[in-house]
Structure formats: C-alpha cells, structure tokens
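What follows is one structure encoded as structure tokens, with my remarks underneath.
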Amino acid sequence: MGFINKFNLLTNIIQRKQPDSLKFLSGIDRNALSRQLQKTKAGLPKPFKFTTSPIEEENFAKMLEQDKKSMNESYVKIKECPNEELPKLLKLKEKYKNVPTIYNHIAIAYGYSKQEEQHFNALMETINRFPDYLFGKIALAEYYLNRDEHKKVPEVLNHRFEIHMHFHPSVKLFHVSEVRSFHSIVGRYYLRANKINRALYYFLILNDIDPSHVATKQLADEIMRHEIGELQNKFQQRREC
C-alpha cells in the first residue's frame, strides 16, 4: 500500500521540475500509515514525550560553570573553526574524563577538520567508553549512513529502534535534541533498508517537532530521491521488456 502521491511526483519528473520534498510528503495519510504499521511484527512505535528545557547529563552537570560555558562556545564554533577548537576540547577531556559530551564534540571536530582516522577513532572511543550514551551511538550510526554502510546501524543501536529502549524505564521525558537526532538516524536507516513506510513514519515525527529543521528536510529529501529512483527503475525495466 502506498501512502504518498506518486502521480504528482511523476508529473514533476515528466515536466522536469524539482519537487519540493516537504510539500511532496505533506499528503501522507497518517492514519492509514499507522494502521498498516500496527499490523507488522514490530508494531507501531511507542508514544513518547519531549521537552525543550535543558536536561544536563549527570557528569556534565558536575562541571564548573566556566568549563561548561567554554565547551558550549567551542561547540558553536566547531563547524567553522574545528582546528582551533580541538585543543580546547582535548584539554577539557583531560580535566573531565567521564563527560561523554566532550568526547562527542571532539569526534565532531575531527570530522569537520577532515581528519578521517582520528574522527573514526574518536567515535569508537566515545561509544566504547560510554556504551549507553545516546549521542555516541547516533554519531557512529550517522558515520556509517554517510558511507553507505547502513547494515552496520542496527548493531550500533543494539537493534533498538525506539528511543525509550535506550534509557532506564524510569525515564519518561526526553530532550528535543535527543528525539530529533535519534529519529532522523532511524528514519534514514529504514529508508536505506527499503522499509519506506517506517521511514515515512519517522519523517512525520520530525515534521511534527519542527518542519523547518535541517534534519526534517534531510530525511524528506532522501525519501523523495528514493521514490524518484524507484520510478526510474520501473521505467527502465519496462523499456527492457
């Protein structure tokens, strides 16, 4: 069963127009999609609650305020000046060896500075040292997705594709950044695994949270490209018959 209007997409392709991915997905029949997923073995993902209020990781909360400020300032500058921020983050890592956020930011800095080996090593150090740290798992999963190695993602996530599965049962509220990052990665994985209906469901979650966010647009664009590729393959197969 299809939950998106492929006729409109086909019309755009024929007219050589670039479809707006968010507009293209705006007509998804949410109720029909939910009913279909309920019938599957994995079922419909469990509802969750999130907040935009700060939720500090336990060890991060113990840092001196001036060091928190320094780390947050470095994170803002990482993309533009990774090589300048790396020494500051590495110095913080020496001072606070049990703060996973610092390790994660170091991995991000290595990625932006194109130091591929150090980037991967930092990702692995983070996930090995803090196996329950969600952002560490998300970062490694994204690394594999960006390298067309989506089959490695389930192991990284311990085959847990719902956010509550990565926390103690007592945790009932998640931060919006956790929710957004996790569902972006899982949605992209499902798309690569050709499980389009689940990818659509995770897109809807992101769209509900923030339709203008880059993570929402990225997944929407990937879904649209996937659907265009599917249509092109069908045309090619018909021509060869």
Side-chain angles (χ1 to χ4, degrees), residues 1-6 8-9 19-55 57 104 132-146 150 153-228 230:
M1 182 183 295
F3 298 99
I4 51 181
N5 192 329
K6 294 189 179 183
N8 287 345
L9 180 60
D20 182 317
S21 59
L22 293 174
K23 185 176 180 181
F24 165 59
L25 296 176
S26 64
I28 296 174
D29 188 334
R30 180 190 293 263
N31 292 331
L33 177 60
S34 296
R35 287 195 298 270
Q36 192 278 332
L37 291 178
Q38 284 179 326
K39 297 176 183 178
T40 63
K41 183 178 180 180
L44 195 65
K46 181 179 177 181
F48 58 85
K49 295 180 180 180
F50 67 89
T51 179
T52 57
S53 299
I55 299 178
E57 186 272 331
N104 193 44
D132 295 326
Y133 177 53
L134 182 63
F135 284 112
K137 288 182 274 191
I138 289 172
L140 184 58
E142 183 174 27
Y143 174 89
Y144 287 131
L145 285 171
N146 290 341
H150 74 274
V153 170
E155 184 175 354
V156 173
L157 298 180
N158 308 115
H159 298 272
R160 299 171 182 171
F161 295 101
E162 296 188 47
I163 192 168
H164 67 89
M165 296 177 177
H166 294 270
F167 293 86
H168 189 274
S170 62
V171 177
K172 303 297 182 182
L173 187 67
F174 309 98
H175 191 262
V176 65
S177 61
E178 296 171 328
V179 171
R180 189 164 47 217
S181 298
F182 179 79
H183 289 90
S184 172
I185 289 298
V186 174
R188 291 175 63 198
Y189 162 73
Y190 276 131
L191 185 62
R192 306 290 177 84
N194 207 31
K195 297 181 179 180
I196 181 65
N197 290 343
R198 291 209 170 261
L200 290 173
Y201 187 83
Y202 283 88
F203 161 75
L204 289 175
I205 291 176
L206 293 174
N207 199 50
D208 287 343
I209 296 171
D210 186 352
S212 64
H213 195 274
V214 63
T216 308
K217 186 66 164 59
Q218 180 182 22
L219 182 54
D221 287 346
E222 290 197 19
I223 290 172
M224 186 183 69
R225 288 194 295 269
H226 176 273
E227 292 301 295
I228 290 174
E230 289 289 299

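This one's a predicted model, so the numbers in the text were calculated from it and none came from an experiment.
- R225 CZ to L191 CG: the interatomic distance, rounded to the nearest 0.5 Å, is 9.0 Å.
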Do L134 and F167 pass the side chain to side chain contact (heavy atoms under 4.5 Å, CB included) test, and can you show the C-alpha distance, the side-chain angles, and the key distance before you say yes or no? CA-CA 9 Å; L134 182 63; F167 293 86; 3.9 Å; yes

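- Counting only heavy atoms from C-beta outward, the side chains of L157 and V186 approach each other to under 4.5 Å.
- By the 4.5 Å heavy-atom criterion applied to side chains, F135 and L140 are not counted as neighbours.
- Remark: side-chain polar atoms of E142 are not paired, donor with acceptor, to backbone N or O of A139 under 3.5 angstrom.
- Side-chain contact between L204 and L25 is absent, with no heavy-atom pair separated by less than 4.5 Å.
- Side-chain contact between Q36 and N197 is present, with at least one heavy-atom pair separated by less than 4.5 Å.
- The closest side-chain heavy-atom distance from F174 to F182 is not below 4.5 Å.
- Side-chain contact, N194 with H226: a donor N or O sits under 3.5 Å from an acceptor N or O.
- L200 CG to I28 CD1: the interatomic distance, rounded to the nearest 0.5 Å, is 4.5 Å.
- When all heavy atoms are compared, the tightest approach of A141 to I185 is CB-CG2, 3.7 Å.
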Worked check of side chain to side chain contact (heavy atoms under 4.5 Å, CB included) between F161 and Y190: CA-CA 10 Å; F161 295 101; Y190 276 131; 3.4 Å; yes

Output, in order, the C-alpha distance, side-chain angles, deciding distance and verdict of side chain to side chain contact (heavy atoms under 4.5 Å, CB included) for S184 and Y202. CA-CA 7 Å; S184 172; Y202 283 88; over 6 Å; no

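- A salt bridge links R30 to D208: one of the charged nitrogens lies within less than 4.0 Å of a carboxylate oxygen.
- Expressed to the nearest 0.5 Å, how far NE2 of H175 lies from CZ of F50 amounts to 10.0 Å.
- A 4.5 Å side-chain heavy-atom check between L22 and P211 finds every atom pair outside the cut-off.
- Under 3.5 Å, the side chains of S21 and D221 contain a donor-acceptor pair of N or O atoms.
- The shortest side-chain heavy-atom distance between R160 and P154 does not fall under the 4.5 Å cut-off.
- Put simply, the side chain of R188 reaches to within 4.5 Å of the side chain of Q218, judged on heavy atoms.
- Within the 3.5 Å criterion, the main-chain N or O of S212 finds no donor-acceptor partner in the side chain of T216.
- Residues F48 and H183 bring their aromatic ring centres within 6.0 Å.
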Verdict with reasoning, R198 to T40, per side chain to side chain contact (heavy atoms under 4.5 Å, CB included): CA-CA 10 Å; R198 291 209 170 261; T40 63; 2.8 Å; yes

